[in-house]
Amino acid sequence: MSRSKMENVADEKVGFFQAKLLEWYKLNGRKFYWRKKGLSSYQYVIAEVLLQRTRAETVANFYPQFIIEFPNWNALANAELQRLEDYLRPVGLYRQRSVRLKNLAIEMVKRKGELPKDRKELESIPFMGQYIANAVELIIFKEPSPLVDVNMARVVERVFEPRKLADIRYDPQLQALSYLIVNHKKAKEINWAILDFAALVCKPTPLCSICPVSIKCNLFKNLKVNNLD
DNA sequence: GTCCAGATTA
DNA sequence: TAATCCGGAC
């Protein structure tokens, strides 16, 4: 097959995937407070920090109280480290997160709450790694950036192409595919759809029998060949 | 025991 | 590139 033809096939599959997931999302998408419109950039960034290696449902039960206790960058920057640890303990990673969160808040107070659009400068802010930077671009700057976490990586790898490198952040193919997949007018919805789909259907142990994209999924094809499902 | 909307450090 | 952080849900 020629190079251009392979690209057409890939594009067609991406279109199919986008349409099916948006459809699935309308019926099955999760509702979270931090997905609402009109929150402060502080509230959006805090949600991403709390969501690191922590189930979304766990954060959902915890988030509103945290925002009441620490309503803005200033409150967080001035908070006693010990008090911050006490609040973060129930969701885990509390020693790291308390220190890093405070450093992030101090930096954001210096910047008067303004997040820079320049990517390198954005990532220079403490605790602002690739994922949160993408989330800032997606949610706050309204750019079609992918939320490439372990969940999206798992879905993309199964449906499209396995990763080449162990670390998803430096896998060019996985990254390029992710950008392609969320490059859509409804970039935000596609991202959330993939995360929800990964949490509810395309789990570590996949529920292929209820999956809307299984007919074009590489993993599903292989499962059928090996007669495992 | 595995897994979770990752980032940092060596 | 790999180890480490951490509690909670399953």
Side-chain angles (χ1 to χ4, degrees), chain A residues 21 25 28-36 39 41 43-67 81-82 84-108 119-140 143-158 163-172 174-175 178-179 181-182 187-207:
Chain A
L21 255 73
Y25 179 71
N28 307 292
R30 298 178 295 180
K31 312 279 186 197
F32 291 119
Y33 183 85
W34 54 87
R35 287 184 181 177
K36 292 202 297 189
L39 302 190
S41 60
Q43 289 174 311
Y44 287 125
V45 173
I46 291 303
E48 301 304 338
V49 166
L50 295 177
L51 284 163
Q52 288 182 6
R53 302 301 293 166
T54 311
R55 286 172 191 278
E57 288 75 9
T58 304
V59 176
N61 294 327
F62 171 86
Y63 180 80
Q65 196 55 41
F66 188 89
I67 290 297
L81 201 54
Q82 183 62 51
L84 201 47
E85 278 194 16
D86 291 341
Y87 267 90
L88 290 172
R89 189 167 291 115
V91 290
L93 301 174
Y94 64 94
R95 281 194 306 225
Q96 283 190 357
R97 269 201 274 219
S98 56
V99 174
R100 293 175 183 177
L101 205 44
K102 194 169 157 73
N103 289 337
L104 167 62
I106 290 169
E107 176 67 22
M108 288 308 292
R119 178 68 186 215
K120 281 190 75 174
E121 195 184 343
L122 186 58
E123 286 199 31
S124 76
I125 296 174
F127 220 4
M128 187 69 66
Q130 191 201 60
Y131 180 91
I132 300 184
N134 278 12
V136 167
E137 289 175 348
L138 178 71
I139 309 292
I140 298 174
E143 294 165 12
S145 295
L147 302 176
V148 191
D149 70 330
V150 290
N151 298 295
M152 183 179 294
R154 184 175 64 244
V155 173
V156 171
E157 285 189 273
R158 284 175 172 175
R163 76 181 77 172
K164 308 283 188 208
L165 304 178
D167 194 326
I168 59 180
R169 288 170 298 178
Y170 302 119
D171 188 320
L174 182 67
Q175 288 292 326
S178 301
Y179 271 93
I181 289 167
V182 304
K188 224 166 41 174
E189 286 76 8
I190 299 230
N191 269 291
W192 291 338
I194 295 172
L195 294 180
D196 292 355
F197 176 69
L200 301 176
V201 179
C202 199
K203 306 196 222 188
T205 303
L207 306 179

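Note that these values count all heavy atoms, side chains included, but never hydrogens, waters or copies made by symmetry. Everything quoted here is computed from the prediction, not taken from an experiment. In what follows, chains carry the letters A, B, and so on, assigned in the order in which the sequence lines appear, proteins first and then strands, with residues in each chain numbered from 1.
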- Message: What is the separation between atom CG on A:L50 and atom P on B:dG6, rounded to the nearest whole Å?
- Response: 12 Å

- Message: Distance check needed: B:dC4 P versus A:L200 CG, whole Å only.
- Response: 13 Å

- OP1, OP2 of B:dC4 versus side-chain N and O of A:N151: anything below 4.0 Å? yes

- Message: Taking B:dA7 as the reference, what is the distance to C:dG8 when you measure between their P atoms (whole Å, please)?
- Response: 23 Å

- Task: Locate the shortest heavy-atom distance separating A:E123 from A:Q130; write the atom from each residue and the value.
- Result: OE2-CA, 4.2 Å

- Query: Can you find a donor-acceptor N/O pair under 3.5 angstrom joining the side chain of A:R35 to the base of B:dA5?
  - Reply: yes

- Does A:R95 have a side-chain nitrogen or oxygen under 4.0 Å from the phosphate oxygens OP1 or OP2 of C:dC6? yes

- Query: A:V150 near the nucleic acid: base, sugar-phosphate alone, or nothing, with a heavy-atom cut-off under 4.0 Å?
  - Reply: sugar-phosphate

- Item | A:Q175 to A:I168 - nearest heavy-atom pair and separation | NE2-O, 3.0 Å

- Message: Using heavy-atom distances to pick each residue's nearest nucleotide on DNA chain B, tell me which of A:A56 and A:P126 is more 5'.
- Response: A:A56

- Query: If you look at every heavy atom in A:K102 and A:L84, which pair is closest and at what distance?
  - Reply: CB-CD2, 4.2 Å

- Note on the structure: Value for CZ (A:F197) from NZ (A:K203), rounded to nearest 0.5 Å, stands at 12.0 Å

- Query: Base, sugar-phosphate, or nothing for A:L165, non-hydrogen atoms under 4.0 angstrom?
  - Reply: nothing

- Message: Between C:dG7 and B:dT9, how far apart are the two C1' atoms, rounded to whole Å?
- Response: 22 Å

Pairs under 3.5 angstrom, nitrogen or oxygen only, protein versus nucleotides 7-10 of chain C, please.
unit_1: C:dG7; atom_1: O3'; unit_2: A:P90; atom_2: O; d: 3.4

- Over how many whole Å does the gap from A:L195 atom CG to B:dC3 atom C1' extend? 15 Å

- Task: Using the P atoms only, state how far C:dT1 lies from B:dA5, rounded to an integer number of Å.
- Result: 26 Å

- Message: Distance check needed: B:dG6 P versus A:R100 CZ, whole Å only.
- Response: 14 Å

- Among A:I194, A:I181, A:V148, whose side-chain contact (heavy atoms from CB on, under 4.5 Å) with A:V156 holds? A:I181

- Query: Once you round to the nearest 0.5 Å, how far does CZ of A:R158 lie from SG of A:C202?
  - Reply: 4.5 Å

- Nucleotide B:dT8, atom C1' - distance to CD of A:Q96 in whole Å: 7 Å

- Message: For a quick test of reading the model, state the closest non-hydrogen atom pair linking A:F127 to A:Q52 and the distance between them.
- Response: CE1-OE1, 3.5 Å

- Query: Are A:S145 and A:R119 linked by a side-chain donor-acceptor pair shorter than 3.5 Å?
  - Reply: no

- Task: Using a 4.0 Å heavy-atom cut-off across all strands, classify A:R30 as base, sugar-phosphate, or nothing.
- Result: base

- Query: Looking only at atom P, what distance separates C:dC5 and B:dG1, rounded to whole Å?
  - Reply: 16 Å

- Roughly how many Å is it from OH in A:Y131 to C1' in B:dA7, rounded to a whole number? 13 Å

- Message: What is the distance, to the nearest angstrom, from the CG atom on A:L122 to the C1' atom on B:dA7?
- Response: 14 Å

- Query: Separation of A:Q52 atom CD from B:dG6 atom P, in whole Å?
  - Reply: 7 Å

